[in-house]
2 protein chains.
Amino acid sequence: MEISKILANQTRVDILKWLKNPEDNFPPHQDIDHFNDGVCVGYIQDKAGLSQSTISTYLNAMQHVKLVIPTRHGKWTYYKRNEEVITNYLEGLQKEL
Amino acid sequence: MEISKILANQTRVDILKWLKNPEDNFPPHQDIDHFNDGVCVGYIQDKAGLSQSTISTYLNAMQHVKLVIPTRHGKWTYYKRNEEVITNYLEGLQKEL
DNA sequence: TTGATATATCTAGAATACTAGATATGTTTT
DNA sequence: AAAACATATCTAGTATTCTAGATATATCAA
């Protein structure tokens, strides 16, 4: 799915917004005391209130266009924003529109 | 339809882009020698290569969220960009994302 | 007023997005 | 190795978007 369609979904936009300030939007992780690699899927799912498979599908699509970066830590996959891609997209939109 | 979904369609984005420089993208109008009120539906349709009803539907949706401003001149309806709304939307996106 | 032209709206089928349940995979713990 | 847990993928039903043909409306020209 292309980036403009990914950002046409409110939940996916919300996820990106939440990931700007994980401390404000999610409880602290157990094994890791910082959000350097982002937030685990389960927390994002709880916050979004959608099913596990739906959130996983969303994150996969976002990762495909590099809006987010996944990092595996044991059982968990943490997702964080890819600021470069986000900024680049916004600049491109600014210019073309 | 909300604005982010409207901008998730390439043809609709193209239309907005074309309307930035009507002189470069459309032939001159017959009865009017400027593009002050924008471009007539027929020209936009020719350029986009989609059916008349589809383009009319697109323009109607875009007008609904005020991305474009229609002006009636006789038989023709001219559409032009609503720069204020476009700029405002981009600024909002910049801030929230 | 009749016919021609431009645009808008109605209707409907095809394509895509949305979403969840079931199942698979990978990791940790016992 | 088995059980438990987190995440990913598969499958499928529902909803929305896409698009065009048919029809309606509005304006102009004869």
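Source: prediction; values computed, not measured. Numbers restart at 1 for each chain; the letters A, B, ... are given by sequence-line order, proteins then strands.
- The distance from atom OH of A:Tyr58 to atom P of C:dA17 is 12 Å, rounded to the nearest whole Å.
- Side-chain contact between B:Gln10 and B:Asp14 is present, with heavy atoms from C-beta onward closer than 4.5 Å.
- Rounded to a whole Å, the CD1 atom of A:Ile6 is 14 Å from the P atom of C:dT19.
- Between A:Tyr43 and A:Phe26, the ring-plane angle classifies as parallel under the 30° and 60° cut-offs.
- Interatomic distance, CG of A:Leu93 versus CD1 of A:Ile3, reported as 9.5 Å (0.5 Å rounding).
- Whole-Å rounding puts the A:Leu7 CG to C:dA17 P distance at 14 Å.
- Atom CD1 of A:Ile6 is separated from atom CG of A:Leu16 by 9.5 Å, given to the nearest 0.5 angstrom.
- Put simply, OH on B:Tyr58 and OG1 on B:Thr11 are 5.0 Å apart, with the number rounded to the nearest 0.5 Å.
- Taking a 4.0 Å limit (strictly below) on heavy-atom distances, residues 37-55 of chain B reaches DNA chain D at B:Leu50, B:Ser51, B:Ser53, B:Thr54.
- Inter-residue side-chain proximity for B:Leu59 and B:Ile15 is flagged as met; some heavy-atom pair is nearer than 4.5 Å.
- The 5' end of DNA chain C is approached more closely, in terms of each residue's nearest nucleotide, by A:Ala8 than by the other of A:Ala8 and A:Lys75.
- Note: A:Tyr79 OH to A:Leu19 CG = 11.0 Å, rounded to the nearest 0.5 Å.
- Smallest separation of non-hydrogen atoms from B:Phe35 and B:Pro22: CG-CB, 3.4 Å.
- Counting non-hydrogen atoms under 4.0 angstrom, B:Tyr79 reaches the backbone sugars and phosphates but no base.
- Remark: A:Asn9 is in phosphate contact with C:dC18, judged by side-chain N or O atoms under 4.0 Å from OP1 or OP2.
- Taking 4.0 Å as the cutoff to heavy atoms of chain B, we find the contact window on DNA chain D bounded by D:dT17 to D:dC28.
- Taking 4.5 Å as the limit, some side-chain heavy atom of A:Glu96 sits within range of a side-chain heavy atom of B:Val13.
- Taking atom CG of residue A:Leu59 and atom P of nucleotide C:dA20, one finds them 14 Å apart after rounding to whole Å.
- Comparing A:Lys5 and A:Thr77 by the nucleotide of DNA chain D that holds the closest heavy atom to each, the one mapping nearer the 5' end is A:Thr77.
- When rounded to the nearest whole Å, the span between CE of A:Met1 and P of C:dA15 equals 18 Å.
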